[in-house]
Amino acid sequence: MTRILTMDDLDFKDKVALVRVDFNSPIDTDKKNILEDTRIRVHGETTIKELSQKGAKVVILAHQGRPGEPDFIPLKQHAKALGRILGKSVKYVNDLFGEKAQDAIKALKSGGILVLENVRTFPNERKKGSPEEHAKSEFVKKLAPFVDVFVSDAFAAAHRAHVSIVGFTAVLPSVAGRIMERELKALGKAVEKPEKPCIYILGGAKADDALKISQYVLNNDIADHVLTGGVVGHLFLAAKGVDLGKPNVEFLEKNELTIFVSGIKDLMEKYPERIKVPVDLAVEFDKKRKKIPVEELPTNHPIFDIGAETVKKYIRIVDDAKSIVISGPMGVFENPEFMAGTKGVLEAVAASKAFSLVGGGHTVAAVEQLGLREKMGYVSTAGGALIEFLMGEELPGVAALKTAAMHMKC
Ligand code: 3PG
């Protein structure tokens, strides 16, 4: 097996270290504020702090949101939060690879830290490509000459073959940061052979992976049950033929999720007992929570949470489980009116004797907010990347590090 190199394999003193982290955080989309800084803290207290202490000039690359979505904001606040976490000044420049960014890198002193602009402001950032293809991009070509080493720490985004994830590994000595290293070690162990009964609880708004992971864990007899909530739950209900009502159907259509409905329907027909969908929900009515049993759908109000009966039903399954994977919240927990579903399920997971693996930026934020971190088996920073890892897929960010390690040894 190809080994990846780590921060122990290089000397960082006075070197410019370009570090790709995952600072992608839950955002209050009205005020455009960071709601929860777990990911900034996790990278800050490990990789970034260590590099700075070793005398590197630390240049940080990260993304926040997706272009066109309300949480797509600059990284100025992230830099400020990082400074607060580390108790030292962190510079920010609203430029990614132009003259301003280059000058700011040149001005860095040993131990200094600089955050560059959101990488997704580069129009081709999210284009899928190989390290060699991405190395030809303007982003890599303009920035790499100012850098000595690339530190890949964004495990949570390593499933994306994006420019900032793989492009620099083709042209710079590249090693894994401490979070990348930790996640690969811990998850490798955690997924070896889950004890039965094993359940997967899938929620959140990024529902595109839900069908793939459900198929994988059910067809391979890894999971005994798949429990659904959040937008994933809506999608599974739609596949059952439930009409969710205009605003909810429109949400699924806008996010191009309805294409998964027929695949989910087939899967539900194959495993009618093993896939669980909500039996009741909570909608927003006059800015308040209003419960609605599934039989009373459709609704003209947006569905923001699972209901109390669903929580009870899920808790009974959680109580019998020996292994639990949970990725994605059950509702819009950032709004206290719609916290109950996520809270109820997460508290049950925390109280259970099962080994629990928790993933996803928003889920981890909810775990932190509820003070449940210490009661969970392993808390990963990753959501989508975790799911792909659990399916045995090679993550492009990890593959790129392996290739870089082979070249560096030659
Ligand atoms: C995540 O939060 O899962 C990662 O930051 C990746 O974000 P993306 O799904 O927008 O690529």
Side-chain angles (χ1 to χ4, degrees), residues 19-29 34-44 47 60-75 77-78 81-82 115 117-129 134 139 152-167 177 179-180 183-184 187 202-213 230-232 254-257 260 325-329 332-334 357-368 379-391 393 395-398 400:
V19 191
R20 177 51 160 108
V21 293
D22 190 338
F23 278 175
N24 194 24
S25 304
I27 301 292
D28 177 327
T29 48
I34 297 174
L35 284 168
E36 218 279 338
D37 64 4
T38 303
R39 281 181 168 172
I40 304 172
R41 187 174 298 281
V42 163
H43 289 286
T47 306
I60 294 171
L61 290 180
H63 73 275
Q64 171 63 58
R66 297 174 183 176
E69 295 197 0
D71 63 346
F72 179 59
I73 61 167
L75 298 181
Q77 286 182 54
H78 302 66
L82 179 63
V115 177
E117 179 54 295
N118 189 338
V119 292
R120 291 186 176 175
T121 55
F122 177 57
N124 283 339
E125 163 64 12
R126 291 165 74 225
K127 210 171 110 186
K128 264 193 194 171
H134 282 332
F139 180 3
S152 174
D153 209 25
F155 175 78
H159 57 317
R160 308 290 185 211
H162 292 176
V163 177
S164 67
I165 300 290
V166 301
I179 295 306
M180 175 69 82
E183 294 270 19
L184 288 173
L187 292 173
L202 304 176
K206 292 182 190 170
D208 28 352
D209 285 332
L211 171 60
K212 243 181 12 178
I213 183 75
V231 177
V232 176
K254 189 176 141 242
N255 289 281
E256 295 172 5
L257 294 172
F260 300 108
V325 175
I326 177 162
S327 181
V332 185
F333 74 92
E334 296 88 340
L357 179 53
V358 185
H362 286 76
T363 322
V364 175
V367 165
E368 292 286 345
V379 179
S380 170
T381 54
L386 171 68
I387 295 294
E388 295 204 11
F389 188 89
L390 293 176
M391 291 196 292
E393 285 179 18
L395 310 182
V398 178

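Start at 1 and go down the list; that is how both ligands and their atoms are numbered. Here, residue 1 is the first one in the sequence, and each next residue gets the next number. Everything quoted here is computed from the prediction, not taken from an experiment.
Note that CD of Glu183 and OG1 of Thr381 are 3.5 Å apart. Values are rounded to the nearest 0.5 Å. A distance of 11.0 Å separates CD1 in Ile34 from CG in Asp71, rounded to the nearest 0.5 Å. Taken to the nearest 0.5 Å, the CD1 atom of Ile213 stands 9.0 Å off from the CD atom of Glu388. Distance NE2/His162 to NZ/Lys127: 12.0 Å, rounded to 0.5 Å. Note that the OG1 atom of Thr29 and the CD atom of Glu334 stand 8.5 Å from one another [nearest 0.5 Å].
Checked by atom type, the side-chain pair Arg20/His43 shows no donor-acceptor distance below 3.5 Å.
Looking at ligand 1, you'll find an N or O of Arg120 within less than 3.5 Å of one of its N or O atoms.
Classified by interplanar angle (parallel below 30°, tilted 30° to 60°, perpendicular above 60°), the ring pair His78/Phe23 is parallel.
The closest approach between a heavy atom of Ala156 and any atom of ligand 1 is below 4.0 Å.
Ligand 1 places these atoms under 4.0 Å from at least one heavy atom of Asp22: 4 (C), 5 (O). Atom numbering of ligand 1 starts at 1 in the shown order; those under 4.0 Å from a heavy atom of Asn24 are 1 (C), 2 (O), 4 (C), 5 (O), 7 (O). Heavy-atom contacts of Lys206 reach the following atoms of ligand 1: 1 (C), 2 (O), 3 (O), 7 (O), 8 (P), 9 (O), 10 (O) (cutoff under 4.0 Å). The ligand atoms of ligand 1 that sit less than 4.0 angstrom from a heavy atom of Arg66 are 8 (P), 9 (O), 10 (O).
Which of His63, His159, Arg160 comes nearest to atom 11 (O) of ligand 1 through a heavy atom is settled by distance: it is Arg160.
Of all the heavy atoms of Gln64, none lies under 4.0 Å from any atom of ligand 1, so neither backbone nor side chain is involved.
Looking only at heavy atoms of the protein, atom 2 (O) of ligand 1 is closest to Arg39 NH1, 3.0 Å.
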